[in-house]
J.: 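Structure in structure tokens, see below.
Hydrogens, waters and symmetry mates are skipped; everything else that's a heavy atom, side chains included, is used. Chain letters run A, B, ... following the sequence lines, proteins first, then strands; residues in each count from 1.
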Amino acid sequence: MQPNPEHIRTIANRYAANLALCFPLRRASLQLARAVHANIITFGFHPRAHILNRLIDVYCKSSELAYARHLFDEIPEPDRIARTTMVSGYSASGDIPLARSVFDETPLSVRDTVMYNAMITGLAHAGDGYSAASTFLEMKRGGFRPDNFTFASVLSGLAHVAEEERECVRQFHAAAVKSGACSVTSVTNALVSVYSKFDLLHSARRVFDEISEKDERTWTSMMTGYVKNGFFDSGVELLEGMMDERMKLVAYNALISGYVHGGLFKEALVMVRRMVWSGIELDAFTYPSVLRACATSGLLQVGKEVHAYALRRGEFSFHLDNSLVSLYYKCGKFDEARAVFDKMPERDLVSWNALLSGYVSSGHIGEAKLLFKEMGEKKNMLTWMIMISGLADNGFGEEGLRLFACMRNEGFEPCDYAFSGVIKSCAVLGGYCNGQQFHAQLVKIGFESSLSSANALITMYARCGVVEEARRVFMTMPCKDSVSWNALIAALGQHGHGAEAVDVYEEMLKEGIKPDRITFLTVLTACSHAGLVDQGRRYFDSMESVYCIPPGADHYSRLIDLLCRSGRFSEAESVIKSLPFEPTAQIWEALLSGCRVYGNMELGIVAAEKLFELIPEHDGTYMLLSNMYAATGKWEEAARVRKLMRDRGVKKELACSWIEVETQVHKFLVDDTSHPEAEAVYSYLQELGKEMRRLGYVPDTNFVLHDVESDGHKQDMLITHSEKIAVAFGLMKLPPGRAIRVFKNLRTCGDCHNFFVYLSRVVQRDIVLRDRKRFHHFRNGECSCGNFW
DNA sequence: GTAGGGTTAG
């Protein structure tokens, strides 16, 4: 239905004066703007300039910049106000290039101070203090007089200039005083804030003390100045001297948020309690801080109380509900998180991202994918990143890579964090070439020393089997955090350099970096792979006694693994008996695989029974147990276990290996003939097999678990193991001298291990195999990890 | 038509 031009003219005039007033009006105005717009297109109806300007403003304020621009372009000679509205609209949406272009196209004679202010504000908000300052100088040169608005904006922009140039704040301060702008609170507020940002708290305080009419922003700026610089006591003191209730509320908010930012959650909550006692009620700005404190320190109960409190007060804000969503999923309450999300009267992008990240971090990838799809066009960089990184975390490296490409196609320039997500995908996938390319791109755009990217690079190189590169990245990092150290220790540990991993750990302690629970996981794994049992045991014991980190089930399972690998079963048993909680599946698994290595049937059966109870659907237990029987020639027992597995409907996870050739990943299954070049690969593999048998390789048919009668048949089955196919493919495709890096989703078998030992000598190539558990480096007839277990 | 501060998703 098209409104007729007369009608439009009447309403447009009626609304024009009120357009910017309040939200319902603005919403009505947006509809009106649309209708007028449609009429311009269909009927050639042209409202008067001031109405058109209002409509453009409505579009801008409703974030409909493209429509605003259409209207703007309809005006043959846009006046100063139309241009200012456009500049300010683009500025507010952060689109500086477009704001700039409208601004630059405006002749000097049309510009005025307000228009300069709109431009400077945009630059200041975008964090470009230099351009804000130079535009300020340009306007002075052009003979325009800066006013309060100008000084407030340009000063706030200065907060983003480099530390060395903080002296220019004083110059602008002097200029503001001279022009009389310092008698206005908005300007002095900006001064307090910018002085605080540069740690010039005395100057900030001096300005603060001289402000006769302090408003909310004055108090928050001063308080934030104190707490962001760690002067919590000064903040509390400031608070104690306050009288006005409303001002006290905002000061409390700033103080609480400062505590939360500094990780002082307990102090934050104490402050909330104090606030409530003194009769001040929480507001929309208090909730997110409190809830984040609860979420990060796992205080679900307190969080629920806050939720109830907010419900009683009948408040709604995106920030509140979004914080609730993240509180619940971080505390593992996914249904509650979803319920809050579903009940929201309106949702913004943050709400969607919060729920998405809840799904992703809890492994609900199916739901996450649905949600991601449902989001359609309304995604931002973070949406993509959450999904990419989440896919990688859940083992979907290929999908992560694909999504990263999609993201770029849709015009998102990845930030450093987005790179860390896709690099993680390469790590999962073993995509060395892909990873190298992303590394090169990082260097090109200057992100290579970003903590998140560099940490991801260390892990990626390690997981691709190139420890030296991982080490190099670590060495070149200008600043490192515990994640960086953990990544390097893990890298070394995975590749059997256990002693070195332990050295790095000791060095980390010397550097004063506090180990966290991940550090201990990596150190224990390293000790376990290197057989450093006593040392590992000592590190484990130090967790609680020295670092106050209570070991979790994952730490205990590493300890069991450590003990079992060197055959210390009685010790392992007594650890399990003295656990402060019920042993988890993970712990029994560690015991079972230890028993497998040593053929400890008795204990192995105990562990397997427990696992059958705890996770009857898990195929690994059946395989391990049946393998154990088979290895000792107890074929009947092995068959019984496999029958049990069949009866319970447990499916064996399909073995799959893959290899990257020129950034393309090629996947192979057992007996796989689906690859276009399968035939050639098979005949090449047969040839290799013959060649190696001549050199003494004997297929070890113990590893064939199918019920096959003849030995010849069994050998055929061995040759078609997916990792052998992938390696053969690599030999065919990769240039001579290049290492073959193959990845497998399950553990490799002893026969394949043996096969590759021979192969590495025959073809004179390095072969690196990463299976579910560990890395195997084959070079010239030897394997770095010796025994393949 | 323009300003100053504090909050949510990794």
J.: OP1 or OP2 of B/dT7 versus the side-chain N and O atoms of A/His261: is any pair under 4.0 Å?
T.: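 Yes.
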
J.: Taking only N and O in the side chain of A/Tyr329, is any of them less than 4.0 Å away from OP1 or OP2 of B/dG10?
T.: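 Yes, within the criterion.
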
J.: With heavy atoms under 4.0 Å as the rule, sort A/Arg80 into base, sugar-phosphate or nothing.
T.: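 Base: the residue A/Arg80, judged by heavy atoms under 4.0 Å, touches a nucleobase.
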
J.: Between the base of B/dA3 and the side chain of A/Ser186, is one N or O donor paired with an acceptor at under 3.5 angstrom?
T.: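 Present.
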
J.: Taking only N and O in the side chain of A/Ser257, is any of them less than 4.0 Å away from OP1 or OP2 of B/dT7?
T.: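 A/Ser257 to B/dT7 OP1/OP2: side-chain N or O found under 4.0 Å.
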
J.: Classify the side-chain pair A/Asn486/A/Asn455 by whether it contains a donor and acceptor separated by less than 3.5 Å.
T.: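 Absent: no donor and acceptor within the cut-off.
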
J.: Report yes or no: is the cationic atom of A/Lys369 (NZ for Lys, CZ for Arg) under 6.0 Å from the centre of the six-membered ring of A/Phe396, at an angle within 45° of the ring normal?
T.: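 That pair qualifies as a cation-pi contact.
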
J.: Using a 4.0 Å heavy-atom cut-off across all strands, classify A/Lys379 as base, sugar-phosphate, or nothing.
T.: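 Contact class for A/Lys379: none.
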
J.: Between P on B/dA9 and CZ on A/Phe372, what's the gap in Å once rounded to a whole number?
T.: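 In whole Å, B/dA9 P and A/Phe372 CZ are 19 Å from each other.
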
J.: Tell me which residues in residues 220-230 of chain A put a heavy atom below 4.0 Å from DNA chain B, sorted by number, or none.
T.: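 Close to the strand are A/Thr220, A/Ser221, A/Thr224.
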
J.: Is a donor from one side chain sitting under 3.5 angstrom from an acceptor on the other, for A/Ser153 and A/Thr121?
T.: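 On atom types as modelled, these side chains qualify, holding a pair under 3.5 Å.
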
J.: Under 3.5 Å, side-chain donor or acceptor atoms of residues 67-78 of chain A against the rest of the protein: list the pairs with distances, not counting sequence neighbours.
T.:
| from | atom 1 | to | atom 2 | distance (Å) |
| --- | --- | --- | --- | --- |
| A/Arg69 | NE | A/Asp73 | OD1 | 3.1 |
| A/Arg69 | NH1 | A/Tyr90 | OH | 3.4 |

J.: Can A/Arg347 be said to sit on top of A/Phe318's aromatic six-ring, NZ or CZ under 6.0 Å from centre and within 45° of the ring axis?
T.: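 Pair A/Arg347/A/Phe318 does not count as cation-pi.
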
J.: Identify every side-chain donor-acceptor pair in residues 328-335 of chain A under 3.5 Å, counting partners at least two apart or on other chains, and give the distances.
T.:
| from | atom 1 | to | atom 2 | distance (Å) |
| --- | --- | --- | --- | --- |
| A/Tyr328 | OH | A/His307 | ND1 | 2.8 |
| A/Tyr329 | OH | A/Ser357 | OG | 2.6 |

J.: Just call it for A/Thr185: base, sugar-phosphate, or nothing, with non-hydrogen atoms closer than 4.0 Å on any strand.
T.: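 Base contact - A/Thr185 has a heavy atom under 4.0 Å of at least one base atom.
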
J.: Can you measure A/Met247 atom CE to B/dG6 atom C1' for me and round it to whole angstrom units?
T.: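 Roughly 14 Å, once rounded to whole Å.
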
J.: Looking at A/His319, does any N or O in its side chain come under 4.0 Å of the phosphate oxygens OP1/OP2 on B/dG6?
T.: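 A/His319 to B/dG6 OP1/OP2: no side-chain N or O under 4.0 Å.
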
J.: Under 3.5 Å, is there an N or O donor on one side and an acceptor on the other linking the side chain of A/Asp112 and the base of B/dG1?
T.: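 When only heavy-atom distances are counted, A/Asp112 does reach the base of B/dG1 through a donor-acceptor pair under 3.5 Å.
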
J.: Side chains of A/Asn189 and A/Thr218: any donor to acceptor distance under 3.5 Å?
T.: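 Yes - a donor-acceptor pair under 3.5 Å links their side chains.
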
J.: Return yes if the base of B/dA3 and the side-chain atoms of A/Asp147 contain a donor-acceptor N/O pair under 3.5 Å, otherwise no.
T.: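 Flag unset: no donor-acceptor pair detected.
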
J.: Verify the contact: side-chain N or O of A/Thr121 to OP1 or OP2 of B/dT2, cut-off strictly under 4.0 Å; return yes or no.
T.: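 Checking A/Thr121 against B/dT2: no side-chain N or O falls below 4.0 Å of OP1 or OP2.
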
J.: Can you tell me whether the side chain of A/Asn148 and the base of B/dG4 have a donor-acceptor pair closer than 3.5 Å?
T.: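 Donor-acceptor pair under 3.5 Å: no.
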
